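Since we're looking at a predicted model, the values are computed, not measured.
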Amino acid sequence: MQFPNYADLSLSDSLQRVIEESDVSLLVDTRSYDEYDELDEISLYAELDPVLADLLKQYKTADKQSIYLDETFSKDDPMAEIASDRKESAWSAVETRMIELRENEKFSGMVGLRLMRLEEERAGLIPEKEISEERKAMQAFIVRDKKDNQMEQCEQENKETDFLMFFLWMWVTKRWAEKSQRAELQNSFMLAA
């Protein structure tokens, strides 16, 4: 096997080329998605992204239900049509998430590195001990990424809360000023009367 020269490319370009030129079906561990060979690239991303893993699970469930209803009832059956629509919708969600992940350099870089590592594993160039250490590192990456996402979400919620509290404070201050002004007017009228 002859390897192309990636020396003149940036890291993200070279990883993207590896992803595009690799025969992913030979590289992927198919234990999780053995019945969906066409989803090998997706399964690599799903190992890193729990959202995609959940969407893929939903797609597989919708696909099984659709197949069952197609075999059990006629194609014109409303339930079969709904199941087919649900399957298409689930697949659309998977594709949308894949687009988001492919545009994310962190994930595309990790998948590119994983592809290269799988190729080296398949060729027998990596000892088993290193493979298990890499899997631990991959799990640590997933945990870190999940924590980062949770922290970002928490920060966003805090910003929204601060914003709402500011407007609440402004409203209370305005109401208090109006109440004070009314009280002064009442006192003025009472003194005048």
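Rounding to the nearest 0.5 Å gives a distance of 7.5 Å between NZ of Lys87 and CG of Asp70. Taking CZ of Arg97 as the start and CG of Asn104 as the end, the distance is 8.5 Å to the nearest 0.5 Å. Atom CD of Glu88 is separated from atom CD of Glu95 by 10.5 Å, given to the nearest 0.5 angstrom. Annotation: the span from Phe73 atom CZ to Tyr68 atom OH amounts to 6.0 Å, rounded to 0.5 Å.
Phe166 and Leu168 are not part of a single hydrophobic cluster, where members link through side-chain heavy atoms under 4.5 Å apart. When the side chains of ILVMFWY residues are joined at heavy-atom separations under 4.5 Å, either directly or via intervening members, Leu48 and Tyr59 end up in a single hydrophobic cluster. Placement of Val172 and Met165 within a single hydrophobic cluster is found when ILVMFWY residues are connected by side-chain heavy-atom separations under 4.5 Å, directly or transitively. The same ILVMFWY cluster, assembled from side-chain heavy atoms under 4.5 Å apart, contains both Phe163 and Met170.
At most 12 non-hydrogen atoms from other residues, nucleotides or ligands lie less than 6.0 angstrom from CD of Gln181.
Within the structure, salt bridge (charged side-chain N to carboxylate O under 4.0 Å, His left out) pairs that include any residue of residues 147-170 do not occur (at least two apart or interchain).
Between the side chain of Thr61 and the backbone N or O of Lys57, at least one donor-acceptor pair lies under 3.5 Å. Between the side chain of Ser66 and the backbone N or O of Ala62, no donor-acceptor pair lies under 3.5 Å.
At a cut-off of 3.5 Å, with distance as the only test, a side-chain donor of Asp54 or Gln58 sits close to an acceptor on the other residue.
For the side chain to side chain contact (heavy atoms under 4.5 Å, CB included) with Leu101, the lone residue among Leu52, Val51, Ile42 that qualifies is Leu52.
A 4.5 Å side-chain heavy-atom check between Tyr45 and Arg102 finds at least one atom pair inside the cut-off. Taking 4.5 Å as the limit, every side-chain heavy atom of Asn149 sits out of range of all side-chain heavy atoms of Gln153.
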Quick one: side chains of residues 77-86, donor-acceptor pairs under 3.5 Å with protein atoms, not counting sequence neighbours, listed by atom name and distance.
from: Asp77; atom 1: OD2; to: Met79; atom 2: N; distance (Å): 3.2
from: Asp77; atom 1: OD2; to: Ala80; atom 2: N; distance (Å): 3.4
from: Arg86; atom 1: NH1; to: Gln65; atom 2: OE1; distance (Å): 2.3

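Across every non-hydrogen atom of Ala93 and Leu55, the tightest pair is O-CD1, 3.7 Å.
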